[in-house]
Trainee: 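Provided herewith is a single structure, encoded as structure tokens, for subsequent inquiry.
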Amino acid sequence: MEAQKIEVGSLYDAWVNDASVKLDKKNFFKLVDAYIAEQEKEICGKCVPCRDGIPHIRALFKEIGEGNGSDEKVLELETLIRNLRSSRCTIGLSVGKNLEVILNNNFELLAPVKEGKDGK
């Protein structure tokens with residue numbers, strides 16, 4: 001399955017419904033970024049969790065994916081995703097739920113990355 005042929009929405013529907021759907025590290029960060037970028041376009045800007053949180057979540061995922069992660073950044077990412085539960089609209093709520101499931105199902109991909117680019 002090639003990453004560019006996967007429809008992002010279908011992938012996340014599958015992740016939410018099937019915890020066994022996993023990707024390798026490269027595709028994981030690429031597809032999460034694509035998903036968040038699409039959802040960013042839908043933000044209404046009326047509440048802080050989405051307006052400020054989603055762009056920050058995207059930046060953290062990018063930073064962690066580039067090998068610049070740390071325990072603190074992963075914790076901050078988890079906190080921001082959890083904060084999306086207080087969104088005023090369905091966009092923030094659904095993004096938050098999807099990202100929670102994705103993070104829980106693929107958490108092991110964050111651990112080696114946060115230690116450094118070569119996993120050391």
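Quick note: residue numbers are just sequence positions, from 1.
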Trainee: Measuring from Glu72:CD to Leu77:CG, what's the distance to the nearest 0.5 Å?
Mentor: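 These two atoms lie 13.0 Å from each other.
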Trainee: Which residues pass the side-chain hydrogen bond (donor to acceptor under 3.5 Å, both in side chains) test with Glu100, not counting sequence neighbours?
Mentor: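 Applying side-chain hydrogen bond (donor to acceptor under 3.5 Å, both in side chains) to Glu100 gives Arg85.
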Trainee: Would you say that Ile54 contacts Leu84 through its side chain, given a criterion of any heavy-atom pair below 4.5 Å between the two side chains?
Mentor: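 The answer is yes, as the side chains (C-beta and beyond) meet within the 4.5 Å cut-off.
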Trainee: Looking only at heavy atoms, what is the nearest atom pair of Val95 and Tyr35, with distance?
Mentor: CA-OH, 3.7 Å
Trainee: Does some side-chain heavy atom of Ile81 sit less than 4.5 Å from a side-chain heavy atom of Glu78?
Mentor: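 No, too far: nothing below the 4.5 Å cut-off.
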Trainee: What distance do Ser94 atom OG and Glu42 atom CD have between them, rounded to the nearest 0.5 Å?
Mentor: 9.5 Å
Trainee: Taking only Lys NZ, Arg NE, NH1 and NH2, and the carboxylate oxygens of Asp or Glu, determine whether Asp33 and Lys62 approach each other closer than 4.0 Å.
Mentor: no
Trainee: Are Phe107 and Phe29 linked, directly or through intermediate hydrophobic residues, by side-chain heavy-atom contacts shorter than 4.5 Å (ILVMFWY only)?
Mentor: yes
Trainee: Hey, could you give me the CD/CD1 distance between Glu76 and Ile64, rounded to the nearest 0.5 Å?
Mentor: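 One finds 8.5 Å between CD of Glu76 and CD1 of Ile64.
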Trainee: Could you tell me the separation between the CG atom of Asn98 and the CG atom of Leu103, rounded to the nearest 0.5 Å?
Mentor: 12.5 Å
Trainee: Atom CG of Leu31 and atom CG of Asn106: how far apart are they, to the nearest 0.5 Å?
Mentor: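 Going from the CG atom of Leu31 to the CG atom of Asn106 covers 10.5 Å.
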Trainee: Quick one: are Cys44 and Ile91 in side-chain contact, heavy atoms under 4.5 Å?
Mentor: no
Trainee: Would you say the side chain of Arg58 lies within less than 4.5 Å of the side chain of Glu40, judging by non-hydrogen atoms?
Mentor: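 In contact.
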Trainee: What are the two closest heavy atoms between Cys50 and Pro55, and how far apart are they?
Mentor: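 Here Cys50 and Pro55 meet closest at O-CD, 3.4 Å.
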Trainee: Is the shortest heavy-atom distance from the side chain of His56 to the side chain of Phe61 under 4.5 Å?
Mentor: no
Trainee: Is there a continuous path of hydrophobic side-chain contacts, each under 4.5 Å between heavy atoms, that joins Val101 to Leu93?
Mentor: no
